[in-house]
Engineer: 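What follows is a single structure, and I will ask about it in a moment.
None of the values given here were measured: they were computed from a predicted structure. To find a chain, count down the sequence lines: A is the first, B the second, and so on, and within it residues start at 1. Heavy atoms only: backbone and side chains are in, while hydrogens, waters and symmetry mates are out.
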Number of protein chains: 2
Amino acid sequence: METTNAAPMSGRKAQAARNDQTILQAARAVFVADPGAPISAVAERAGVGISALYRRYASKEILLRKLCSDGLKLYIAEAEAALADERDPWTVFADFMRRIVDADTHSLTLSLAGTFTPDEDLFRESAYAEELATRVFERARDAGVLRPGLDVADLSMLFEQIAAIHLGDEERTAQMRHRYLALILDGLRLTSAEALPGPPPTAEEIGRRWIVT
Amino acid sequence: METTNAAPMSGRKAQAARNDQTILQAARAVFVADPGAPISAVAERAGVGISALYRRYASKEILLRKLCSDGLKLYIAEAEAALADERDPWTVFADFMRRIVDADTHSLTLSLAGTFTPDEDLFRESAYAEELATRVFERARDAGVLRPGLDVADLSMLFEQIAAIHLGDEERTAQMRHRYLALILDGLRLTSAEALPGPPPTAEEIGRRWIVT
DNA sequence: ATAGAACGGAATATTATGTTCCGTGAGCTA
DNA sequence: TAGCTCACGGAACATAATATTCCGTTCTAT
């Protein structure tokens, strides 16, 4: 952890600022790999002491909320980008799905749901994210490029399924996720196929999983 | 837990035999819902005391092995049934997938991998299961009803993805799983589509996840 | 030189949980 | 009926994890 050369990274403040990033990245990586991981594992991965963590986040729960919130912000950003995208509807939709898979925003959703008490802000962000996703979805649906009977809530479920894919290192995992996303996208694009069996999930069903019991 | 009527369930031995079943069902349900669940949760769910568990399984790990082994046996049975099925290749293949999803044999694979040391017998059963699955898969592939570029290892990954689906109670979850299995099957059936991107998983990659680190 | 921010990491307090142990009671046997 | 044994319930125990606190140290800016 020695830093003796470059100019902009000297100074205690710069060091601390860099730690802000390092710690968040480490936390993400660790909790995605193991949702029940101890806080000490995060510190170890980040290469810092435990107190560097507690200086920033007063508790584990607060750190988890921060991670979730960041994930939602990413999701929102991608959805906004998709809404601003003027290419053909299917391309925009498929690209949105691919970007979300790469952003891996649902690993946290999948594994951390129910492990901490959601925040008021989280609910707000979540609602906004869902609203944007709905607009992205409906644009594709209204353009007639989707299989009939789909619902925007199906996307959440599909993202979670893909987030459940793990194989080897991060790169290989990403590769596998795109392999099966391609399969799913082909299925979603079958405009003349029959609707999928069973009623789609409701927003209420999906949201209920966040309630801590 | 009172039993005062039917004849065949009286007697200490019959009671114990029924507990054998009850305990296994409870263990499955509990560990599928929460892989890290305490052994006391299993006893509670089964409506028995802890000692009723330890009388049958000397340790938690042995119980987990038993559950996995039972899952593999189920998988093997379904594969054998598929191989004996003389209907058209696609129907046999799709039905096999649907049965495995219903049997939910991969919930344990997904969540318990790496939490206990696999047994010698487990390896044997696993190898045999994989061999049968390969035969089922190749029969469909050779009949030309599958999208090109697929590999039998893709099935494992797909089963795990589907096992990751959870929504509400067991019945609703099953319904959702069939919804997305239908989507996936449609994708697998696109014989004239392009092969999926990225190399398929290898048997070695899939097996490595069982190694306890 | 000195105050104080930022940190490392040992120490602490608490919890969770796998396993053992002991007392109880039902059925079977003589 | 008395005694024996198998199953069992569940408290008690021993341990392992781990969230959080605390204190001494280091480095920077003044």
Side-chain angles (χ1 to χ4, degrees), chain A residues 1-24 26-27 30-31 33-67 112 114-117 212-213, chain B residues 1-24 26-27 30-31 33-67 112 114-117 212-213:
Chain A
M1 283 297 124
E2 287 311 311
T3 62
T4 55
N5 41 356
M9 40 91 108
S10 174
R12 201 71 168 203
K13 234 168 232 174
Q15 170 71 273
R18 241 170 311 125
N19 274 356
D20 287 348
Q21 292 304 311
T22 308
I23 285 174
L24 278 179
V30 166
F31 288 129
D34 174 12
I39 208 108
S40 62
V42 175
E44 204 168 344
R45 167 111 180 197
V48 301
I50 293 179
S51 73
L53 274 178
Y54 274 90
R55 162 159 295 276
R56 293 169 173 77
Y57 306 100
S59 72
K60 185 181 188 181
E61 180 155 334
I62 289 174
L63 171 57
L64 292 178
R65 271 206 283 268
K66 167 68 170 164
L67 289 176
L112 297 183
T115 67
F116 67 91
T117 313
V212 182
T213 46
Chain B
M1 283 296 125
E2 286 313 311
T3 60
T4 54
N5 40 357
M9 40 92 109
S10 174
R12 202 67 169 202
K13 232 167 233 177
Q15 171 71 272
R18 237 169 314 124
N19 275 355
D20 287 347
Q21 291 304 311
T22 308
I23 285 175
L24 279 179
V30 166
F31 288 128
D34 175 12
I39 208 112
S40 62
V42 175
E44 205 167 343
R45 168 110 180 198
V48 302
I50 293 180
S51 72
L53 274 178
Y54 274 89
R55 162 157 297 274
R56 293 170 174 75
Y57 306 100
S59 73
K60 188 182 188 180
E61 180 156 333
I62 290 174
L63 171 58
L64 292 178
R65 271 206 282 268
K66 166 69 169 166
L67 289 176
L112 297 183
T115 67
F116 67 91
T117 311
V212 181
T213 46

Engineer: State which residue, out of A:Ile62, A:Leu64, A:Leu63, fulfils the side chain to side chain contact (heavy atoms under 4.5 Å, CB included) condition with A:Phe116.
Structural biologist: A:Leu64

Engineer: For A:Glu61, is there any backbone N or O sitting under 3.5 Å from a side-chain donor or acceptor partner on A:Arg65?
Structural biologist: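 Flag not set: sc A:Arg65 to bb A:Glu61 has no pair under 3.5 Å.
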
Engineer: Could you check if a side-chain atom of A:Tyr57 sits within less than 4.5 angstrom of a side-chain atom of A:Leu67, using non-hydrogen atoms only?
Structural biologist: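 They are not in side-chain contact.
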
Engineer: By nearest heavy atom, map A:Ser59 and B:Arg56 onto DNA chain D; which one lands nearer the 5' end?
Structural biologist: B:Arg56

Engineer: Rounded to whole Å, please give me the gap between CZ in B:Phe31 and C1' in C:dT17.
Structural biologist: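 About 11 Å, once rounded to whole Å.
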
Engineer: Given atom CZ of A:Arg45 and atom P of C:dG9, what is their separation to the nearest angstrom?
Structural biologist: 18 Å

Engineer: Nearest nucleotide by nearest heavy atom, which residue falls closer to the 5' end of DNA chain D, B:Ile50 or A:Ser51?
Structural biologist: B:Ile50

Engineer: In whole angstroms, how far is the P atom of D:dT21 from the NZ atom of A:Lys60?
Structural biologist: 15 Å

Engineer: Tell me which nucleotide among C:dC7, D:dT20, D:dG9 gets nearest to the side chain of A:Arg55.
Structural biologist: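 Of C:dC7, D:dT20, D:dG9, C:dC7 is nearest to the side chain of A:Arg55.
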
Engineer: Tell me whether the side-chain N/O atoms of A:Asn19 come closer than 4.0 Å to OP1 or OP2 in C:dA6.
Structural biologist: no

Engineer: Could you state the CD-C1' distance from A:Glu61 to D:dT18, rounded to the nearest angstrom?
Structural biologist: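 Interatomic distance, CD of A:Glu61 to C1' of D:dT18: 16 Å.
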
Engineer: Of the candidate nucleotides C:dG8, D:dT20, C:dG18, which contains the atom at the shortest distance from the side chain of B:Pro38?
Structural biologist: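 For the B:Pro38 side chain, the nearest candidate turns out to be C:dG18.
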
Engineer: Tell me the interatomic distance from A:Ile39, atom CD1, to C:dG8, atom P, rounded to whole angstroms.
Structural biologist: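 Spelled out: CD1 on A:Ile39 to P on C:dG8 is 15 Å.
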
Engineer: Please give, in whole Å, the distance from D:dA7 P to B:Tyr57 OH?
Structural biologist: 14 Å

Engineer: Apply the side chain to side chain contact (heavy atoms under 4.5 Å, CB included) test between A:Arg45 and each candidate in A:Val30, A:Ile23, A:Thr22; give the one that qualifies.
Structural biologist: A:Val30

Engineer: Any idea which of D:dA7, C:dG8, D:dT21 is nearest the A:Tyr54 side chain?
Structural biologist: D:dT21

Engineer: Take the protein atom CG of B:Asp20 and the nucleotide atom P of D:dC6, then report the distance between them rounded to whole Å.
Structural biologist: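 Roughly 16 Å, once rounded to whole Å.
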
Engineer: As an exercise, state the distance from CG of B:Asp20 to CZ of B:Arg56, rounded to the nearest 0.5 Å.
Structural biologist: 4.5 Å

Engineer: Separation of A:Leu53 atom CG from C:dC7 atom P, in whole Å?
Structural biologist: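 The answer, rounded to whole Å, is 10 Å.
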
